[in-house]
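These notes are about the structure you will find just below.
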Amino acid sequence: MMETLPVGRFQFKRLVAAFLSSYRTLFILLWIVAFGSVFIWQRKIIGAGISVSVKTGLSRPMPKMRPLAFNLTDFGGVGDGKTLNTAAFERAVLAISKLGKRGGGGQLNVPPGKWLTAPFNLTSHMTLFLAEDAEILGIQDEKQWPLMPPLPSYGYGREHHGPRYGSLIHGQNLKDVVITGDNGTINGQGQSWWKKFRQKLLNHTRGPLMQIMWSSDIVIANITLRDSPFWTFHLYDCKNVTVRNVTILAPVREAPNTDGIDPDSCEDVVIEDCYISVGDDAIAIKSGWDQYGIAYARPSRNILIRNLIVRSMVSAGISIGSEMSGGVSDVTIENLLVWSSRRAVRIKTATGRGGYVRHITYRNITFDNVRVGIVIKTDYNEHPDDDFDPKALPIVKDISFTGIHGQGVRVPVRIHGSEDIPIRNVTFRDMSVGLTYKKKHIFQCAFIQGRVIGTIFPAPCENLDRYNEEGQLVKRSTAQNITDIDYDI
């Protein structure tokens, strides 16, 4: 099934129909309406000062965001969906690179049309602007995708040892880059990649749709990304990044590892006002894999994720890990709706990862038709090789869940610590989740220490201390290490 709901245009009809087809509470509809107003407001702010005519069949004019602006057609681009435009993109980027900081850089406008291309690189002080009805198409012949060295924090490779394919749109060691538009599309045409991956016909790790590495001051806004060969937007060791009002789409099944956004060893990141429906995690925060991530030693930290609607039938709405060996800390996830998904929010790690996950705040999270709501898993035993250190034990602590609501949930909480990797200082407050499965152990815990403040539903596991609304201790847990994990439900 292909999801086609670009948030920027508010095509909510299919969502509303899906919601109303079975029992749905009024607060979710109100939540979506309120959230929708954010996008309208964003469009008005971003479009301020830009002349936009009433629909007459003409595309809206492309705003000038840099002192110098070029059109792709100036460099020989042809938007017929058949002509290869790689050289045109390369010539345009070269022209902008020669501007440098002088005068604030340059802007490359991609007009309406279908612009087929092999991978190309960005440059600093550049804006890539996609007009309404502009679509950049990734060529499906993998022989035209360049090979790059493995990522240093992943060892010999993620899917295969050795080189990996680059991304369709790539940048490294950049500063001041903007990718935006009037909801134009970057389409990786990943179908052939997914098929070859399933048939084991690829000899190298697949490439992302977009990858930006070792860069700072990056803005991605008002575009649609779809059908990536692999992870859709991979940020690697970057600082000061904003992703706003972006739609990310891939089939919810049969599109393997098409994560939406992966901040990897990044800091100072804001992801807001987005719609993501993909074949893996909508967002996955990472920081390297086992001994390689420990050696690279670049954490992901100071990350804010807010005002999102996400869906993942295969994995989770928002994940941390499992590659988190450089550490993940100071993450806030708020105002999130996860619908029709396998899991809502998940932290995953394992023996050999090392690192830490700490100071994580979840606030105002809504589940709708989700199999498992909150997951913390410490036995995600996928390793790059056999050389990992079994004594490298991750630390998972200081995690809070406030304002957790929803319905149609099978298991609201499954926190699976272990004797080697106990989960410490977890707090639940203001939680009420409607259930689809009536069984005793639906709030599942093992090796967890923490607290419940006030009354929550469903009843919490016995591992947690109980406090009243005033923060006074009511009952101390005497069974923090017991387990009632039941993977059959």
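Heads up: numbering here begins at 1 and tracks the sequence. Treat the numbers as computed from the prediction; the structure is a model and nothing was measured.
Between Arg198 and Glu254 there is a salt bridge, since a side-chain N of the basic residue sits under 4.0 Å from a carboxylate O of the acidic one. Note on Arg301 versus Asp330: no salt bridge recorded, every NZ/NE/NH1/NH2 to OD/OE distance being 4.0 Å or above. Between Arg158 and Glu323 there is a salt bridge, with a side-chain nitrogen of the basic residue lying less than 4.0 Å from a carboxylate oxygen of the acidic one. A salt bridge links Arg429 to Glu469: at least one charged side-chain nitrogen sits closer than 4.0 Å to a carboxylate oxygen. Salt bridge annotation for Asp268-Lys239: absent, with no cationic side-chain nitrogen under 4.0 angstrom from a carboxylate oxygen. Between Asp465 and Lys475 no salt bridge is recorded (no basic side-chain N to carboxylate O distance below 4.0 Å).
Looking at Arg353, its side chain never comes within 3.5 Å of a backbone N or O of Asn381 through a donor-acceptor pair. A donor-acceptor pair under 3.5 Å is formed between the side chain of Ser228 and the backbone N or O of Phe230. The closest donor-acceptor contact from the side chain of Gln449 to the backbone of Asn425 lies under 3.5 Å. Side-chain atoms of Thr205 never come within 3.5 Å of backbone atoms of Arg164 as a donor-acceptor pair (strictly under, hydrogens ignored). A side-chain donor-acceptor contact under 3.5 Å links Thr378 to the backbone of His416. Within the 3.5 Å criterion, the main-chain N or O of Leu209 finds no donor-acceptor partner in the side chain of Trp231. In this structure, Ser300 contributes its side chain and Ser265 its backbone to a donor-acceptor pair below 3.5 Å. Side-chain N or O atoms of Ser215 include one that pairs as donor or acceptor with a backbone N or O of Met213 at under 3.5 Å. Listed for the Arg226 side chain is no donor-acceptor partner under 3.5 Å among the backbone atoms of Leu249.
When every heavy atom of Gly321 is checked against every heavy atom of Lys348, the shortest pair comes out as O-CE, 3.4 Å. Closest non-hydrogen pair, Val338 versus Val370, comes out as O-CG2, 3.5 Å. The minimum heavy-atom distance linking Ile248 with Gly260 is given by the pair CD1-O, 3.7 Å. Heavy atoms only, all atoms of each residue included: Asp217 and Lys175 are closest at OD2-NZ, 2.5 Å. When every heavy atom of Thr127 is checked against every heavy atom of Met65, the shortest pair comes out as CG2-SD, 4.2 Å. When all heavy atoms of Ile453 and Asn468 are compared, the pair lying nearest together is CG2-O, 3.5 Å.
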**Item:** Stepwise side chain to side chain contact (heavy atoms under 4.5 Å, CB included) check, Leu336 with Val345
**Value:** CA-CA 10 Å; Leu336 172 73; Val345 295; 3.9 Å; yes
**Request:** Please step through side chain to side chain donor-acceptor pair (under 3.5 Å) for the pair Glu272 and Asn335, ending with a clear verdict.
**Result:** CA-CA 10 Å; Glu272 60 185 358; Asn335 305 333; over 6 Å; no
**Message:** side chain to side chain donor-acceptor pair (under 3.5 Å) for Ser312 and Arg342? Distances and angles first, verdict last.
**Reply:** CA-CA 6 Å; Ser312 174; Arg342 185 176 179 85; over 6 Å; no
**Message:** With disulfide (SG to SG under 2.5 Å) as the criterion, how do Cys238 and Cys266 come out once you've worked through the C-alpha distance, each side chain's angles and the decisive distance to 0.1 Å?
**Reply:** CA-CA 5 Å; Cys238 292; Cys266 292; 4.8 Å; no
**Message:** Please determine whether side chain to side chain contact (heavy atoms under 4.5 Å, CB included) holds for the pair Met148 and Gln172, giving the CA-CA distance in whole Å, both sets of side-chain angles, and the decisive distance to 0.1 Å.
**Reply:** CA-CA 12 Å; Met148 302 180 66; Gln172 56 189 62; 3.6 Å; yes
**Prompt:** Does the pair Ile318 and Ile305 meet the rule for a side chain to side chain contact (heavy atoms under 4.5 Å, CB included), with working shown?
**Reply:** CA-CA 9 Å; Ile318 310 292; Ile305 298 170; 4.3 Å; yes
**Request:** Quick one: do Glu334 and Leu304 satisfy side chain to side chain contact (heavy atoms under 4.5 Å, CB included)? Show the steps, please.
**Result:** CA-CA 8 Å; Glu334 62 184 9; Leu304 173 60; 4.0 Å; yes
**Item:** Tyr296 vs Asp237, side chain to side chain donor-acceptor pair (under 3.5 Å): CA-CA, chis, key distance, verdict
**Value:** CA-CA 10 Å; Tyr296 194 69; Asp237 200 350; 2.7 Å; yes
**Request:** Please step through side chain to side chain donor-acceptor pair (under 3.5 Å) for the pair Asn463 and Ser477, ending with a clear verdict.
**Result:** CA-CA 6 Å; Asn463 308 54; Ser477 171; over 6 Å; no
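To the nearest 0.5 Å, the span separating OG on Ser329 from CZ on Arg358 amounts to 5.5 Å. Between atom OG of residue Ser167 and atom CZ of residue Phe233 there is a gap of 9.5 Å, rounded to the nearest 0.5 Å. Arg343 contributes atom CZ, which lies 9.0 Å from atom CZ of Arg371 (distance to the nearest 0.5 angstrom). The structure places CD1 of Ile261 at 4.0 Å from CD1 of Ile276, a figure rounded to the nearest 0.5 Å. Between the CD1 atom of Ile294 and the CG atom of Asp389 there is a distance of 7.0 Å, given to the nearest 0.5 Å. Distance check: Thr402 OG1 to Asn364 CG gives 10.0 Å after rounding to the nearest 0.5 Å.
In this pair, Trp339 and Tyr275 present their aromatic rings tilted. The plane angle is within the 30 to 60° band. Phe428 and Phe443 have perpendicular rings, their planes meeting at more than 60° on a 0 to 90° scale where under 30° would count as parallel. Classified by interplanar angle (parallel below 30°, tilted 30° to 60°, perpendicular above 60°), the ring pair Tyr156/Tyr292 is perpendicular.
Using a 4.5 Å heavy-atom threshold, the side chains of Thr332 and Arg306 count as separate. Using a 4.5 Å heavy-atom threshold, the side chains of Ile283 and Pro263 count as touching. Annotation: side chain of Asp281 is not in contact with side chain of Val310 (no heavy-atom distance under 4.5 Å). Considering only heavy atoms from C-beta on, Ile421 comes within 4.5 Å of Pro394 through its side chain. Put simply, the side chain of Val278 does not reach to within 4.5 Å of the side chain of Asp259, judged on heavy atoms. Counting heavy atoms from C-beta on, the side chains of Leu393 and Thr351 come closer than 4.5 Å. With contacts defined as side-chain heavy-atom distances shorter than 4.5 Å, the pair Tyr165/Pro208 does not qualify. A heavy-atom distance below 4.5 Å is found between the side chains of Ile179 and Ile223.
Residues satisfying the side-chain contact (heavy atoms from CB on, under 4.5 Å) test with Phe447, not counting sequence neighbours, are Glu419, Asn481.
No more than 12 heavy atoms of other residues, nucleotides or ligands sit less than 6.0 Å from atom CD of Glu462.
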